[in-house]
Amino acid sequence: MMEHKEEHIMEKKSIRMIAAVAAAAMLVPLAACGGGNAADGKTTLSFFSNNSQDKYQPIIDAFEKANPDIKIDYSTTTGSQSGYQQTLQTRISGGNLADVYIVPPEALSDLVKGNYAKDLSNESFMDKIGDAAKKAYSVDGKVYAMGVSTWTNAWVYNKDLLKKVGYDSIPATWDEFLTMCGKLKAAGIAPYLEPKDGLGNAVEGWIGAESAKQGEALDAKIDAGKDTFKNVYGKYYGEWDKLIKQNLMSSDVSGLSGDQVKSEFTAGRLAVYPSGPWDIDSFNETGLNYGFGQIPMLKKGDTPYAPGYIDPAFGINNKISGDKLKAAEKFFTFLTSDEGLKLYQKQLGLIPSVKGFNATVDDHFKDAYDLYIKTGNVYLNSAHWSKGTTALRAETFTQLQQVALGSISPTQAAENLDSKLKTLS
């Protein structure tokens, strides 16, 4: 969900304020409580999401048709994932949390601490949810949100542009990729771009691969004080900076939005950029000759990893009861049904990863699906941080913007993350 995206998926302002406002919010009567019967005799279930209403409306229509006694009151917010998190925080502090809502992974621990997320561990609709998804949204052994899909980045490439310089796909290693970028540049083709809030895309893949080798997430070690960003991220940021130093990616990326980068690709002017299955429909509409390839790893033979995680999941407000709670449980049961999952994939462009459901995968994305989602070889750094996750993730992009501009070195960027971490609680 690149709005999740992740996303897919999570920047700029910290959700940590939730914990601080929890006590005050508990004193405010929540609009979500109570039986929830509308004037027409239907139970109204409020749903707050991080996607536009047109995406969810067919899902809502199908659910309401199957459950004519329930009406869904949908609300959303505009802008990026960070905009959703900020509004979620505001609603909680004002005592207006919806009956059901999207739970960003960064917000989970605070939602649980504030008693805003219902324990879903023993609900029947959770039987179809895989172990990885349950673990991703668990606190102290209890599951508080229902994740039905997994997001991953993969690098989309223009086959015709690569063919002009003698390549059929993205090379497997970073040095080989840089060589290809050099050839594209020499041919007058923009080789590679990243959006400003997604800089360092390959870095998470590299850290994921090394974490798998060590049997422990490197970011978890940083979080526990056993390692530092300088020691872990410094060398990877140095590798990423070769794109800038070798003039293969312009410093202009420090100000490019995701839509601007995507527009360059769909216009046929850009060879490669980080994307995902959420963009497939729009790519297919352009008639581009494209494919999705792996993110180049640092060394030959490294297990391919990509930035990714279980998508922001569905949570139930722990304050609701009676008919509202029954309606919420019916809605979650529908979302895990074949009908619900097919609509979810069609409307949101996300690939369900639910037991007993065979997702349809576009041929363009099949290799990436097998490489990352099917294997579970995805990694999200902020999933392993316990302090200021949203603010800290936003800081990683801010620091790389400065590296791209030449204001600081990769090592300084990593050191600055260590300094930022010390300010968070």
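Computed from a predicted structure; not experimentally measured.
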Mind checking whether [X] and [Y] have side chains closer than 4.5 Å, heavy atoms only?
X: Y372; Y: T150; result: no
X: L392; Y: K387; result: no
X: S49; Y: Y74; result: yes
X: L417; Y: Y237; result: yes
X: F331; Y: L45; result: yes
X: H384; Y: D223; result: no
X: L243; Y: W174; result: yes
X: L371; Y: N377; result: no

Taking [X] for the side chain and [Y] for the main chain, is one N or O donor matched with an acceptor at less than 3.5 Å?
X: D227; Y: I222; answer: no
X: D302; Y: K299; answer: yes
X: Q401; Y: K196; answer: yes
X: E194; Y: G200; answer: yes
X: Q402; Y: A413; answer: no
X: Q53; Y: T76; answer: no
X: T411; Y: G234; answer: no
X: S211; Y: L218; answer: yes
X: K142; Y: S138; answer: no
X: T43; Y: I70; answer: no

* Asked: So F47 and Y56, would you call those rings parallel, tilted or perpendicular, with 30° and 60° as cut-offs?
  -> perpendicular
* Asked: Under 30°, 30 to 60°, or over 60°: which ring-plane class applies to W385 and F229, parallel, tilted or perpendicular?
  -> perpendicular
Enter the distance from [X]:[atom1] to [Y]:[atom2] here, rounded to the nearest 0.5 Å.
X: K230; Y: Q412; atom1: NZ; atom2: CD; answer: 10.0 Å
X: L348; Y: K55; atom1: CG; atom2: NZ; answer: 7.0 Å
X: E329; Y: I320; atom1: CD; atom2: CD1; answer: 8.0 Å
X: T152; Y: I373; atom1: OG1; atom2: CD1; answer: 6.0 Å
X: S121; Y: I129; atom1: OG; atom2: CD1; answer: 12.5 Å
X: T360; Y: K346; atom1: OG1; atom2: NZ; answer: 12.0 Å

Show the nearest heavy-atom pair for residues [X] and [Y], with the distance to one decimal.
X: I244; Y: A404; value: CG2-O, 3.6 Å
X: P191; Y: C181; value: CG-O, 3.4 Å
X: G147; Y: I310; value: CA-CG2, 3.9 Å
X: A117; Y: Y144; value: O-CD2, 3.3 Å
X: T423; Y: S419; value: CG2-O, 3.4 Å
X: K262; Y: S282; value: NZ-OG, 2.9 Å

Donor on one side chain, acceptor on other, [X] and [Y], under 3.5 Å:
X: T77; Y: R91; result: no
X: E395; Y: Q399; result: yes
X: N318; Y: N115; result: yes

* Asked: Does K342 pair with E339 as a salt bridge, N-O distance under 4.0 Å?
  -> no
* With the threshold set at 4.0 Å, does a side-chain nitrogen-carboxylate oxygen contact exist between D370 and K366? -> yes
* To do: Begin from the C-alpha positions of V232 and E210 and carry the test side-chain contact (heavy atoms from CB on, under 4.5 Å) through to its verdict.
  => CA-CA 10 Å; V232 174; E210 184 59 32; over 6 Å; no
* Asked: Are F334 and F125 close enough that their ring centres sit under 6.0 Å apart?
  -> no
Atom [atom1] of residue position [X] - does it have more than 12 heavy atoms of other residues, nucleotides or ligands inside 6.0 Å?
X: D363; atom1: CG; answer: no
X: K374; atom1: NZ; answer: no
X: K326; atom1: NZ; answer: no
X: N358; atom1: CG; answer: no

* To do: In sequence, state the C-alpha distance, the side-chain angles, and the governing distance for F265 and F283, and then conclude on ring pair (Phe, Tyr, Trp, His ring centres under 6.0 Å).
  => CA-CA 9 Å; F265 183 79; F283 290 158; 5.3 Å; yes
Scan the side chains in residues 58-67 for donor-acceptor partners under 3.5 Å anywhere in the protein, sequence neighbours excluded, and list what turns up.
from, atom 1, to, atom 2, distance (Å)
D61, OD1, Q57, NE2, 2.8
E64, OE2, I72, N, 2.8
N67, ND2, F63, O, 3.1

* Asked: Taking Y290 as the fixed residue, which of T266, N284, D279 is the one that meets the side-chain hydrogen bond (donor to acceptor under 3.5 Å, both in side chains) rule?
  -> N284
* Structure fact -> Test side-chain hydrogen bond (donor to acceptor under 3.5 Å, both in side chains), reference S46, set N317, D73, D99, N96, output is D99
* To do: Could you walk me through whether E239 and W206 pass the side-chain contact (heavy atoms from CB on, under 4.5 Å) test, one step at a time?
  => CA-CA 10 Å; E239 288 291 333; W206 300 337; 3.7 Å; yes
* To do: Please determine which of F177, Y157, Y273 meets the ring-ring contact (aromatic ring centres under 6.0 Å, His included) test together with Y192.
  => F177
* Check side-chain contact (heavy atoms from CB on, under 4.5 Å) between T173 and all other residues, then give those that pass, not counting sequence neighbours. => E176, K300
* To do: Report the C-alpha distance between V148 and T336 in whole Å, list the side-chain angles of each, state the deciding distance to 0.1 Å, and finish with yes or no for side-chain contact (heavy atoms from CB on, under 4.5 Å).
  => CA-CA 7 Å; V148 299; T336 57; 4.3 Å; yes
* Asked: For L97 and K319, what are the C-alpha separation, side-chain angles and deciding distance, and is it a side-chain contact (heavy atoms from CB on, under 4.5 Å)?
  -> CA-CA 9 Å; L97 181 63; K319 307 296 192 297; over 6 Å; no
